[in-house]
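What you see is a predicted model; the values in this text were computed from it and never measured. Throughout, a chain's letter reflects where its sequence line sits, starting with A, and its residues are numbered from 1.
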Number of protein chains: 2
Amino acid sequence: MKVTNIQSLKNILSDKGYKLTKARENTFSALLSPEPQSMATLIAKSQDKVDRVTMYRNIDLFEKLGIVNRIYVGWKYKLELSDNFMDHHHHLSCLSCGKVIDIEDEQHINEFIKSVTDKFSFTPRHHQFEIDGFCNVCSKSKKS
Amino acid sequence: MKVTNIQSLKNILSDKGYKLTKARENTFSALLSPEPQSMATLIAKSQDKVDRVTMYRNIDLFEKLGIVNRIYVGWKYKLELSDNFMDHHHHLSCLSCGKVIDIEDEQHINEFIKSVTDKFSFTPRHHQFEIDGFCNVCSKSKKS
DNA sequence: CATCTAAATGCAACAAAGTTGCAATTACAA
DNA sequence: TTGTAATTGCAACTTTGTTGCATTTAGATG
Ligand SMILES: [Mn+2]
Ligand SMILES: [Mn+2]
Ligand SMILES: [Zn+2]
Ligand SMILES: [Zn+2]
């Protein structure tokens, strides 16, 4: 499912009967970034090449095809290219100081996903697990 | 942090130097619901009592004070009163048709949370686990 | 490679969501 | 009761996302 270049993008698209267009190439280029980006950023980056409306439509399509993931960072979503079959974002997020801690432990999570998706015949593509609360520093200070 | 009535709301507010106003009482009343609600719903429910702008401002305040949680359901956030016990939201969300399935199985998740919050000395308030993918219906259709 | 057509695009217009500045009102402490 | 800072409502505005439609284009076919 990983898209590394225009050729693999074309393969995924044509496989489902979609066309590889200039707008889609440019949408893909805008997505190349080490960090997840907001829709506004993607639109700004390619403002002379891709119409706003087309950007929305193609991001929707890419998401359905598994080319991009929509993740929530703070109160807004951001978009990123899918890397592996199943991307993950497991965070502890401090409501007081905003610190975000990444969790690596996959053991329990993977078991849980398997059991629950099997139960509902659901095909998972991506998941996100966020725990909001207070970090060790902020837990000690008086004002919650 | 749990708010059960107007008096406890007043306590939390005045504790931080905020006033208990009619608009805030009505904001609180609108939040009383077994289900998380969208901002649009809250605004509609109290359209004759609280101005749209005031609703935004007071929800923001309530969130900072820990009175409400903002959670993501599908692609939109919803609001709910915080509870004493840990709030939880476990969903399967279909990228194609938008269907949201609630998961009730708590077993694996609770183990996982315990182990990871202990590890980082983190005090959890609420958590959210969302799996994006395709529901049983949409998994079968050809243009996935 | 010339032709054909469904798919895709851009544009304009719209709708929904959220923000800002400010004058009028209100909570509440003195 | 009064004084005053906090809060509100309103109007105007920005940002974000959607819809309908005429025009353009990818790419399949021969
Ligand atoms: Mn992460
Ligand atoms: Mn839920
Ligand atoms: Zn913290
Ligand atoms: Zn579905």
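Residues A:N5 and A:S8 have side chains that bring a donor and an acceptor to within less than 3.5 angstrom of each other. Side chain to side chain, B:S46 and B:N26 fail the donor-acceptor criterion of an N or O pair below 3.5 Å. Side-chain contact of B:H90 with B:H127: a donor-acceptor pair under 3.5 Å is present, judged by distance alone.
Of the candidates D:dT18, C:dA27, D:dT25, the closest approach to any side-chain atom of B:K19 belongs to C:dA27. With C:dC28, C:dA8, D:dT7 as the choices, the nucleotide that has an atom nearest any side-chain atom of B:K10 turns out to be C:dC28. Nearest nucleotide to the B:T54 side chain, out of D:dT8, D:dT16, C:dT19: D:dT8. Closest approach to the B:V53 side chain among C:dG18, D:dA6, D:dA11 is made by D:dA11 (side chain taken as heavy atoms from C-beta onward). Comparing atom distances between the B:D51 side chain and each of D:dT16, D:dC10, C:dA17 picks out D:dC10 as nearest.
In this model, no side-chain donor or acceptor of A:R57 finds a partner on the base of D:dG17 within 3.5 Å. Below the 3.5 angstrom threshold, one finds a donor paired with an acceptor across the side chain of A:R52 and the base of D:dG17.
Atom OH of A:Y77 has more than 12 heavy atoms from other residues, nucleotides or ligands within 6.0 Å.
For the OP1/OP2 pair of D:dT8 and a distance below 4.0 Å, the side-chain nitrogens and oxygens of B:T21 include at least one atom meeting the criterion. For the pair B:Y77 and C:dG18, the criterion of a side-chain N or O lying under 4.0 Å from OP1 or OP2 is met.
Listed here is the closest heavy atom pair of B:L13 and B:F62: CD2-CE1, 4.4 Å.
Comparing A:I43 and A:K22 against DNA chain D, the residue whose closest nucleotide sits nearer the 5' end is A:I43.
Under 4.0 Å is where a charged nitrogen must lie from a carboxylate oxygen, and between B:K22 and B:E25 at least one such pair does.
In this structure, the salt bridge (charged side-chain N to carboxylate O under 4.0 Å, His left out) partners of B:E104, at least two apart in sequence or on a different chain, are A:K119.
The OH atom of B:Y56 sits 16 Å away from the C1' atom of D:dC10 (whole-angstrom rounding). Taking atom CG on B:N26 and atom P on D:dT7, their separation rounds to 16 Å, with Å as the unit. The nearest whole Å value for the distance from the CD atom in B:E25 to the C1' atom in C:dC28 is 14 Å. In this structure, A:D60 atom CG and C:dA8 atom P are separated by 13 Å, rounded to whole Å. Spacing between atom CG of B:L79 and atom P of C:dA17 amounts to 13 Å, rounded to whole angstrom units. Atom pair A:R24:CZ and D:dG27:C1' shows a separation of 13 Å (rounding to whole Å applied). Nucleotide D:dG27 holds its P atom 17 Å from the NZ atom of A:K16, rounded to whole Å. The distance from atom CE of A:M55 to atom P of D:dT18 is 15 Å, rounded to the nearest whole Å.
Taking five base pairs at each end of the helix from C:dC1-D:dG30 to C:dA30-D:dT1, the local helix axes there meet at an angle of 40°, rounded to 10°.
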Worked check of side chain to side chain contact (heavy atoms under 4.5 Å, CB included) between B:I43 and B:Y56 | CA-CA 9 Å; B:I43 290 169; B:Y56 278 108; 4.0 Å; yes
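Within 4.0 Å (heavy atoms only), B:K76 reaches no atom of the nucleic acid at all.
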